[in-house]
Every structure is written in structure tokens, then in C-alpha cells.
2 protein chains.
Amino acid sequence: MDASPETLEKPAANKERLRLWIRLLRAARVVEGELRERLKREFDTTLPRFDVMSALYRQPEGMLMSDLSRFLLVSNGNVTGIVDRLVTDGFVVRANRDGDRRTSIARLTEAGSARFAAMAEAHEIWIAELLGEVSEEDARRLSVMLKAFRSNWENEH
Amino acid sequence: MDASPETLEKPAANKERLRLWIRLLRAARVVEGELRERLKREFDTTLPRFDVMSALYRQPEGMLMSDLSRFLLVSNGNVTGIVDRLVTDGFVVRANRDGDRRTSIARLTEAGSARFAAMAEAHEIWIAELLGEVSEEDARRLSVMLKAFRSNWENEH
DNA sequence: GCCTAAAATTTCAAGGTTGAAATATTTTGC
DNA sequence: GCAAAATATTTCAACCTTGAAATTTTAGGC
């Protein structure tokens with residue numbers, strides 16, 4: 001992909017975008033680190049496990065491994081390992097869909113669903129705490145900007 | 001830490017913060033994934049190596065391992081491994097500071113400095129491209145909000 | 001001058017992550 | 001029907017990451 005005209009014409013804008021990216025990344029890392037620590041301490045689990053359970057919770061009938069990896073923006077091989085461990089823990093089960101023996105549908109067990117519900121409740125409070133300095137209005141504005149940015153970019157690729 | 005009054009009083013604000021966090025995380029992941037791919041393809045390196053070199057580039061006299069890990073928001077043991085590999089590649093050297101044989105100062109070699117300069121140039125263009133949909137003004141506003149949020153939060157902990 | 005505490009780093013096990021190769025299965029073209 | 005292409009997933013090596021334990025060295029208290 002070539003640089004857009006604006007990319008070449010406005011170096012000041014690009015410096016500003018670079019600064020934005022650095023701050024966005026640092027903010028994400030601070031929050032992620034804190035969440036990781038709390039998930040470990042309070043629920044003896046990890047952020048990737050939480051993410052997978054979160055995705056499955058919204059789809060009680062289950063998700064294909066490939067849907068899971070696409071939704072979570074991680075590789076196929078990665079999901080395999082995380083789901084394996086969740087199965088070992090008894091939070092997820094695998095099944096086949098239709099007569100297709102290639103596919104594997106993962107879904108939460110009763111225990112997994114109950115566990116996730118408890119984690120989600122805590123998670124929401126933690127985020128409220130960690131982003132407490134962001135006013136409701138700022139949160140809304142930031143959120144809209146980020147949504148626009150990401151969907152624009154993804155549609156091109 | 002107890003939840004702030006606002007945390008309890010405004011559930012709508014908390015939902016908005018949760019939405020913000022999810023979008024922030026996804027945006028960061030999309031950009032990070034793209035950067036990782038390009039660093040691999042164009043420079044045969046990784047994002048963590050880039051981060052370490054970036055930090056060292058700004059401090060030509062070098063940095064302590066502990067300063068490096070604090071600055072990059074990663075663990076001590078993590079930095080050890082990444083620096084090890086950069087040393088193997090000839091991009092970084094270690095030295096001792098003063099007479100203190102506990103400390104280890106890492107700094108870029110000539111080759112490391114030259115390599116980072118080339119990567120930084122490409123990196124800035126990539127960010128301009130990936131965040132191209134964000135106007136200069138939006139970038140500035142977002143950036144200010146993120147800075148305020150992170151520094152407020154960090155000061156308390 | 002010792003002994004203990006503190007400080008800086010490394011080591012290590014467990015898990016997360018990617019990208020590529022391998023495996024297994026289904027679909028398609030003929 | 002069958003060979004080849006396409007699809008879904010797993011496996012694997014290399015690297016990243018954490019948090020805790022171990023190591024090495026220095027600083028402080030006495």
C-alpha cells in the first residue's frame with residue numbers, strides 16, 4: 001500500500017500520530033498488566049483464557065476454532081493451546097459440527113459459564129477503577145474515534 | 001483500593017469505560033500485529049527487540065537493565081533474554097558501571113544504532129499509514145486524553 | 001572487620017504467540 | 001468415482017512474558 005497523499009504532505013500530523021500510537025500502546029500495557037495480575041490473583045487464570053471465555057460466553061452454542069481466532073485477532077495455533085487448557089480445567093468442551101469431522105466447536109460448560117460470569121463482574125469493576133479518571137463524555141468520544149479508526153483501516157485490508 | 005464514588009454512582013459511565021477499553025485494546029492489537037509482521041518481513045526482527053533498541057537509541061550512554069525494564073513496562077527477566085539476543089546479533093553491548101559488578105549497562109553498537117535509525121524511519125511511515133484515518137486534530141486530542149489518563153493512574157500506584 | 005540486609009541481575013518453569021509445516025477431511029472438476 | 005484443490009485444525013520451533021527463586025555483589029549496623 002502506498003502512503004496516502006496526506007502521509008507525505010503533513011509531517012507534523014505524522015509526528016502527532018506517532019505520539020498517539022506510543023501513548024495508546026503504553027496505556028494499553030498498563031491496563032493489561034494490571035488486569036493480568038488481578039485475574040491471576042483473584043481467579044487463578046490468565047488474560048488469554050479470559051478472552052476466550054468471554055468470546056464463548058456470548059455464543060452459548062459455541063464457536064469454531066477459526067471463528068475464535070479471527071474474533072480474538074490471534075493465530076489458529078494459539079487458540080488450540082488455550083482451549084486445550086480450558087478443556088483440561090473443565091470450563092470448555094469440544095464437539096463436531098454437522099457431519100464435518102474437520103471442524104471443532106468449542107463451547108463453555110456450566111462450570112465455565114458460571115466462572116466467567118463471576119470474572120466478568122469483577123472485570124467491569126476493575127476497568128471502572130483503572131479508567132476512573134476518564135469522564136463518561138471523554139470515554140464516549142475516545143471510543144467513537146477508536147471505532148472509526150479501526151474499522152476504516154480494517155476494511156481496506 | 002476501594003472503588004471511587006463515581007464508580008458506584010454512574011453505571012452508564014462504567015459501561016462506556018468498558019467499551020472504551022475493549023476498543024482501545026483491539027486497536028492496539030491490530031496495529032501491533034501489523035507492525036510485527038512488517039518488522040519481521042522488512043528487518044527480520046521483532047517488536048520487543050525494536051522496543052529495546054528504541055529505548056537505547058535515546059540514551060547513547062546506555063541503560064541499566066532495571067531502567068530498561070521499568071521504562072518498557074516489562075519484567076526484568078524478560079529484558080535479559082531480549083538483550084542477550086541483541087548482543088548475539090551484534091547490535092548491543094554490555095558493560096559494568098563504576099566499580100559495581102552487580103549492574104549491567106546495555107548500549108547500542110554502531111551497527112545497532114544504524115540499524116535502528118533505518119527501522120525508525122520505516123516505523124514512522126507505517127504508523128502514519130496505519131493511523132492515516134485519524135486527523136491531526138483527533139490525534140492530538142486522543143493523545144492528550146491518553147496521557148492524562150495514564151499519568152493520573154500511575155501516580156496513585 | 002563481620003554479618004545481615006539490600007540491590008541488580010539471571011535463571012527457570014509455565015504459559016502465550018506466531019508462522020509455517022503437517023494432518024485430516026471435504027469439495028470440486030472432470 | 002477419483003485426483004487435486006480447498007478447508008479446518010493441530011503440531012512444532014523459536015521467541016516473548018511473567019513471577020518466583022537463585023546468584024552475585026554491595027552497603028549498613030554493630
Side-chain angles (χ1 to χ4, degrees), chain A residues 25 28-30 32-53 55 62-89 91-92 94-106, chain B residues 25 28-53 62-89 91-92 94-106:
Chain A
L25 190 55
R29 283 191 185 163
V30 168
E32 247 186 323
E34 192 64 26
L35 290 178
R36 186 192 319 109
E37 219 171 289
R38 295 182 188 201
L39 280 172
K40 178 72 181 172
R41 187 173 55 228
E42 311 272 335
F43 295 100
D44 189 33
T45 192
T46 65
L47 209 37
R49 276 172 165 94
F50 177 85
D51 288 343
V52 166
M53 292 177 79
M63 286 177 84
L64 291 177
M65 298 301 278
S66 42
D67 290 338
L68 217 34
S69 77
R70 194 173 320 110
F71 179 73
L72 296 175
L73 306 175
V74 299
S75 68
N76 269 342
N78 186 2
V79 175
T80 296
I82 297 167
V83 168
D84 281 352
R85 281 169 223 118
L86 287 171
V87 169
T88 300
D89 292 347
F91 294 139
V92 170
R94 286 185 218 245
N96 284 77
R97 186 179 59 175
D98 310 325
D100 194 332
R101 281 185 297 181
R102 288 171 305 181
T103 62
S104 181
I105 291 193
Chain B
L25 190 54
R29 283 191 185 165
V30 167
V31 175
E32 248 186 324
E34 192 65 25
L35 290 178
R36 187 191 319 111
E37 220 172 287
R38 294 180 189 204
L39 280 172
K40 179 70 180 172
R41 188 172 57 228
E42 312 270 337
F43 296 100
D44 191 30
T45 192
T46 66
L47 209 38
R49 277 171 165 94
F50 177 85
D51 289 343
V52 166
M53 291 177 79
M63 288 176 82
L64 290 177
M65 297 302 278
S66 42
D67 290 339
L68 216 35
S69 77
R70 195 174 319 110
F71 179 73
L72 297 174
L73 307 175
V74 298
S75 68
N76 269 343
N78 187 2
V79 175
T80 297
I82 297 168
V83 168
D84 281 351
R85 287 182 281 272
L86 287 171
V87 169
T88 300
D89 292 347
F91 294 139
V92 169
R94 284 184 219 244
N96 283 77
R97 187 179 59 175
D98 309 325
D100 193 333
R101 281 185 297 183
R102 287 171 306 181
T103 62
S104 181
I105 291 194

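The figures here come from the full heavy-atom set of this structure, side chains too, leaving out hydrogens, waters and symmetry mates. What you see is a predicted model, and the numbers here were worked out from it, not measured in a lab. Below, chains carry the letters A, B, ... as their sequence lines are ordered, and counting in each starts from 1.
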To the nearest angstrom, how far is [X] atom [atom1] from [N] atom [atom2]?
X	N	atom1	atom2	result
A:Asp44	C:dA14	CG	C1'	12 Å
B:Glu34	C:dT18	CD	P	13 Å
A:Leu68	C:dT17	CG	P	12 Å
B:Glu32	C:dT18	CD	P	10 Å
B:Leu72	C:dT9	CG	C1'	16 Å
B:Asp84	D:dA14	CG	P	17 Å
B:Phe50	D:dC15	CZ	C1'	18 Å
B:Leu86	D:dC15	CG	C1'	12 Å

Going by the rule salt bridge (charged side-chain N to carboxylate O under 4.0 Å, His left out), which residues pair with B:Arg94 if we only count those two or more places apart in sequence or in a different chain?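 Per chain and number, B:Arg94 pairs via salt bridge (charged side-chain N to carboxylate O under 4.0 Å, His left out) with B:Asp84.
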
Sequence neighbours excluded, which residues qualify as salt bridge (charged side-chain N to carboxylate O under 4.0 Å, His left out) partners of A:Arg102?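 Here the qualifying residues are A:Asp100.
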
Check whether any side-chain N or O of [X] sits under 4.0 Å from OP1 or OP2 of [N], and answer yes or no.
X	N	result
B:Arg70	C:dT9	no
B:Ser66	C:dT9	yes
B:Arg97	D:dT26	no

Between A:Gly99 and A:Arg49, just flag the one whose closest nucleotide in DNA chain C comes earlier from the 5' side.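 The 5'-side residue here is A:Arg49.
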
At under 4.0 Å between heavy atoms, how does the protein contact nucleotides 17-22 of chain D? Give one character per nucleotide, 5' to 3', with B, S or -. SBS---

From the list C:dT9, C:dT26, D:dT11, which nucleotide is the closest neighbour of the side chain of A:Asp100?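 Out of C:dT9, C:dT26, D:dT11, the nucleotide with an atom closest to A:Asp100's side chain is C:dT26.
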
Checking contacts here: which listed nucleotide (C:dT25, C:dT10, C:dG15) is nearest the side-chain heavy atoms of A:Thr46?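 Output: C:dG15.
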
Sequence-distant partners of B:Glu42, side chain to side chain contact (heavy atoms under 4.5 Å, CB included), two or more places apart: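 Side chain to side chain contact (heavy atoms under 4.5 Å, CB included) list for B:Glu42, sorted by chain: B:Trp126.
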
Applying side chain to side chain contact (heavy atoms under 4.5 Å, CB included), name anything that partners B:Arg36, two or more places apart in sequence or on another chain.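 Not a single residue meets the side chain to side chain contact (heavy atoms under 4.5 Å, CB included) criterion with B:Arg36.
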
Just checking A:Leu47: base, sugar-phosphate only, or nothing, at a heavy-atom cut-off of under 4.0 Å?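 The answer is nothing, as A:Leu47 stays clear of every strand by at least 4.0 Å.
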
Base, sugar-phosphate or nothing for A:Arg41? Non-hydrogen atoms, less than 4.0 Å.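 Nothing, no nucleic acid heavy atom in range.
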
Could you tabulate the donor-acceptor pairs under 3.5 Å formed by side-chain atoms of residues 63-77 of chain A, not counting sequence neighbours?
{"residue": "A:Asp67", "atom": "OD1", "partner": "A:Arg70", "partner atom": "NH1", "Å": "3.3"}
{"residue": "A:Ser69", "atom": "OG", "partner": "A:Ser66", "partner atom": "O", "Å": "3.2"}
{"residue": "A:Ser69", "atom": "OG", "partner": "A:Asn76", "partner atom": "OD1", "Å": "2.9"}
{"residue": "A:Ser75", "atom": "OG", "partner": "A:Asn78", "partner atom": "N", "Å": "3.3"}

Side chain to side chain contact (heavy atoms under 4.5 Å, CB included) for B:Leu25 and B:Arg29? Distances and angles first, verdict last. CA-CA 6 Å; B:Leu25 190 54; B:Arg29 283 191 185 165; 3.8 Å; yes

Between the base of D:dT7 and the side chain of A:Arg102, is there a donor and acceptor pair under 3.5 angstrom?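 For A:Arg102, whose side chain was compared with the base of D:dT7, there is a donor-acceptor pair (under 3.5 Å).
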
How many angstroms lie between CZ in B:Phe43 and CZ in B:Arg49, if you round to the nearest 0.5 Å?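 Separation between the atoms: 14.5 Å.
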
